[in-house]
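Scope of the values below: all heavy atoms of this structure, side chains included, with no hydrogens, waters or symmetry mates.
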Amino acid sequence: MVGERNILITEVALRDGSHAIRHQYTVDQVVAVAKGLDDANVPYIEVSHGDGLGGSSLQYGLSLTNEMELIEAAVSTVTNAKIAVLLLPGIGTMKELKQAAQLGVKMARIATHVTEADISAQHIAFAKELGLETVGFLMMAHMVPTEKLVEQAKLMESYGADVVYVVDSAGAFLPHEVKERIQALKNSLSIEIGFHGHNNLSLAMANTLAAIEEGATRIDGSIRCLGAGAGNTQTEVLIAVLNRLGINTGIDLYKIMDVAENIVAPILEKPQEITKDGLILGYAGVYSSFLLHAQAASKKFGIDSRDILVELGKRKVVGGQEDMIIDVAAEISKQKQTAHT
Ligand SMILES: CC[C@H](O)CC(=O)C(=O)O
Ligand SMILES: [Mn+2]
């Protein structure tokens, strides 16, 4: 590594990217990606089911491989990188967090809906007790005004979080909105601030740069964009852009480009792109991980997935309400049938 890192990147293709491949990672794939990222000097690599520890279920999608096997494989592959896990209280449990720590995980990211930071208190405290670097991850941050976000971030700080992230789960933020939020958090908190973007409105890079400009020092990226919805801020592109800006991530650009091209691209079922559904997620402010479920429901009920996603946006559904997707699809289908009789 050359010099001090200005920004610490957490690579999420082996966690958020799991949504995009319906949680079908194999041990060999995880080993190959983790090795490539470690060689490129990526500091943090997140490995878990897309919905975090314990996410493998009928509701969220069954994993092909037990996530503990994937975590163990990643930990034993890397030499310098730290392996991180995501945990949503209520989906994952302290037991799984402890198991992950025993396997050698070094960072825990405790994720809650942006208005529910209070449910993270015990999990943040427990992660700290386990000796883990601990991140509070405020999802669907676009749904609340800045003051509310600051209030919730302060709660996470008071529970002991080392970092708090603004998470644009729906890829709905515009750059000036990100700026306002990061600026307010910088003024109110003493811990580091992070940003996790989604590309549904093609703004993940712009939003990430806006966050960095306002002082965010922890940034998520996903190689080849691999993530829920239209995916995340593309790591290898971000490294190139930050190099041009003279911001040091410590990551080797050519090596990470090669991982993207030679290791991650062949894993993709199809290239990560902004489809009409991805675009609607950002436009309507719906959780990015709802995309594949909405597409499945659209096929099952023979209706347009955009109708489902727009209705979910109107109802302000949040993570954990995946069962609403089927309910909404069934309702729309019934309304359509009634209209035709
Ligand atoms: C369901 C967990 C979710 O995918 C976490 C995340 O990355 C986000 O909210 O963007
Ligand atoms: Mn995400």
ask   = If two hydrophobic side chains count as joined below 4.5 Å and joins carry through other members, does Val135 share a cluster with Val105?
value = no

query = Only one of Leu14, Thr26, Val47 clears side-chain contact (heavy atoms from CB on, under 4.5 Å) with Leu70; which?
reply = Val47

Cluster link Leu291 to Val310, ILVMFWY, side chain under 4.5 Å = yes

query = With hydrophobic residues grouped by side-chain heavy-atom distances under 4.5 Å, do Phe137 and Leu185 end up in a single group?
reply = no

query = Does Ser63 use its side chain to pair, donor to acceptor, with the backbone of Asn66 at less than 3.5 Å?
reply = no

task = With the side chain counted from C-beta on, respond yes when Ser120 and Tyr159 share a heavy-atom pair under 4.5 Å apart, and no when they do not.
result = yes

note = Taking every heavy atom of Gly171 against every heavy atom of Leu201, the minimum-distance pair comes out as O-CG, 3.5 Å

message = Less than 4.0 angstrom from a charged side-chain N to a carboxylate O is my criterion; do Lys179 and Glu213 meet it?
response = yes

key: Side-chain donor/acceptor of Asn207 to backbone N/O of Phe173, under 3.5 Å   = yes

note = Correct closest heavy-atom pair for Gly227 and Ala20 would be O-CB, 3.6 Å

query = Got a sec: does the CD of Gln122 have more than 12 other heavy atoms crowding it under 6.0 Å?
reply = no

request  = Could you verify whether a donor N or O on one side chain and an acceptor N or O on the other, from Tyr165 and Asp220, lie under 3.5 Å apart?
outcome  = yes

task = Start with the C-alpha gap between Arg181 and Glu214, add the side-chain angles, then the distance that decides, and say whether salt bridge (charged side-chain N to carboxylate O under 4.0 Å, His left out) holds.
result = CA-CA 9 Å; Arg181 281 156 181 83; Glu214 294 305 324; over 6 Å; no

request  = Flag the pair Met68 / Leu103 as yes when at least one side-chain heavy-atom distance between them is below 4.5 Å, and no otherwise.
outcome  = yes

request  = Measure the spacing between CE of Met205 and OG1 of Thr233 and express it to the nearest 0.5 Å.
outcome  = 6.5 Å

request  = Answer yes or no: is there a donor N or O on one side and an acceptor on the other, between the side chain of Glu180 and the main chain of Glu177, under 3.5 Å?
outcome  = no

key: Any donor-acceptor N or O pair under 3.5 Å, side chains Asn248, Glu4   = no

ask   = Roughly how far apart are Ile91 CD1 and Ser57 OG, rounded to 0.5 Å?
value = 7.5 Å

query = Within a strict 4.5 Å, meaning less than it, do heavy atoms of the Arg224 and Gln272 side chains meet?
reply = no

key: Contact summary for Ile182 and Gly194, nearest pair of heavy atoms   = CD1-O, 4.3 Å

inquiry  = For the CZ atom of Phe290 and the CG atom of Leu309, what is their distance to the nearest 0.5 Å?
reply    = 9.5 Å

ask   = Side-chain donor-acceptor pair under 3.5 Å between Tyr44 and Glu133, yes or no?
value = yes

ask   = Do we see a donor-acceptor contact under 3.5 Å between the side chains of Glu192 and Thr217?
value = yes

Glu96 side-chain N/O to Thr93 backbone N/O, donor-acceptor pair under 3.5 Å = yes

query = Should the ring pair His49 and His19 be called parallel, tilted or perpendicular, given that the plane angle runs from 0 to 90° and is split at 30 and 60?
reply = perpendicular

inquiry  = Does Lys255 form a side-chain contact (heavy atoms from CB on, under 4.5 Å) with Val259? I'd like the steps, not just the answer.
reply    = CA-CA 6 Å; Lys255 282 190 182 171; Val259 179; 5.5 Å; no

query = Is the side chain of Gln152 donor-acceptor paired with the backbone N or O of Val150 at a distance under 3.5 Å, no angle test?
reply = no

message = Return the OG to CD1 distance between Ser305 and Ile325, rounded to the nearest 0.5 Å.
response = 11.0 Å

request  = Taking atom types as modelled, find out whether Thr235 and Glu11 have a side-chain donor-acceptor pair closer than 3.5 angstrom.
outcome  = yes

key: Main-chain N/O of Ala81 paired with Asp38 side-chain donor or acceptor, under 3.5 Å   = yes

key: Transitive ILVMFWY side-chain link Val85 to Tyr25, under 4.5 Å   = yes

request  = Check whether any side-chain N or O of Ser222 sits under 3.5 Å from a backbone N or O of Leu226 as a donor-acceptor pair, and report yes or no.
outcome  = yes

ask   = Can any side-chain N or O of Thr208 pair as donor or acceptor with the backbone N or O of Ala204 at less than 3.5 Å?
value = yes

query = Counting only N and O atoms by type, is there a donor-acceptor contact under 3.5 Å from the side chain of Gln59 to the main-chain atoms of Gly320?
reply = yes

ask   = Hey, are Asp162 and Arg218 close enough for a salt bridge, meaning a charged N less than 4.0 Å from a carboxylate O?
value = no

Heavy-atom pair with the smallest gap, counting every atom of Val166 and Ala141 = CG1-CB, 3.8 Å

ask   = Any side-chain donor paired with an acceptor under 3.5 Å for Asn232 and His196?
value = yes

message = Do Leu8 and Ile219 make a side-chain contact, defined as non-hydrogen atoms from C-beta onward lying under 4.5 Å apart?
response = no

ask   = Which atom names give the shortest non-hydrogen contact between Met140 and Val317, and what distance separates them?
value = CE-O, 4.1 Å

request  = List the steps, then state whether side-chain contact (heavy atoms from CB on, under 4.5 Å) holds for Leu87 with Arg109.
outcome  = CA-CA 6 Å; Leu87 181 138; Arg109 308 210 297 174; over 6 Å; no

note = Closest heavy-atom pair, Glu67 versus Gly54, reported as atoms and distance to 0.1 Å, is OE2-N, 2.6 Å

message = Distance alone, cut at 3.5 Å: any donor-acceptor contact between the side chains of Ser288 and Asn200?
response = yes

request  = Start with the C-alpha distance between Ile308 and Phe301, add both sets of side-chain angles, then the distance that settles side-chain contact (heavy atoms from CB on, under 4.5 Å), and finish with yes or no.
outcome  = CA-CA 11 Å; Ile308 304 174; Phe301 290 92; over 6 Å; no

key: Linked, directly or transitively: Leu174 and Val114 (ILVMFWY side chains, under 4.5 Å)   = no

task = Evaluate the side-chain contact (heavy atoms from CB on, under 4.5 Å) criterion for residues Asp168 and Val178: first the C-alpha distance (whole Å), next the side-chain angles of each, then the deciding distance (0.1 Å), finally the verdict.
result = CA-CA 9 Å; Asp168 186 13; Val178 173; 5.7 Å; no

request  = Inspect the surroundings of NZ in Lys106 and state if more than 12 heavy atoms from other residues, nucleotides or ligands are less than 6.0 Å away.
outcome  = no

ask   = If we only count heavy atoms from C-beta on, is the Leu245 to Leu209 side-chain gap below 4.5 Å?
value = yes

task = Any chance you could measure Ile332, atom CD1, to Ile303, atom CD1, to the nearest 0.5 Å?
result = 4.5 Å

ask   = Can you check whether Asp16 reaches His198 side chain to side chain, under 4.5 Å on heavy atoms?
value = yes

query = Does the side chain of Ile110 come within less than 4.5 Å of Pro89's, by heavy atoms?
reply = yes

inquiry  = Can you confirm whether Lys154 is buried at NZ, in the sense that more than 12 heavy atoms of other residues, nucleotides or ligands lie under 6.0 Å from that atom?
reply    = no

query = Say you draw a straight line from OG of Ser289 to CD of Glu322; how long is it, rounded to the nearest 0.5 Å?
reply = 5.5 Å

task = Please examine the side chains of Leu86 and Glu46, heavy atoms only from C-beta on, and report whether any two atoms are closer than 4.5 Å.
result = yes

Side-chain donor or acceptor of Thr77 paired with backbone N/O of Ala73 under 3.5 Å = yes

request  = Could you tell me whether the side chains of Gln335 and Thr338 share a donor-acceptor contact shorter than 3.5 Å?
outcome  = no

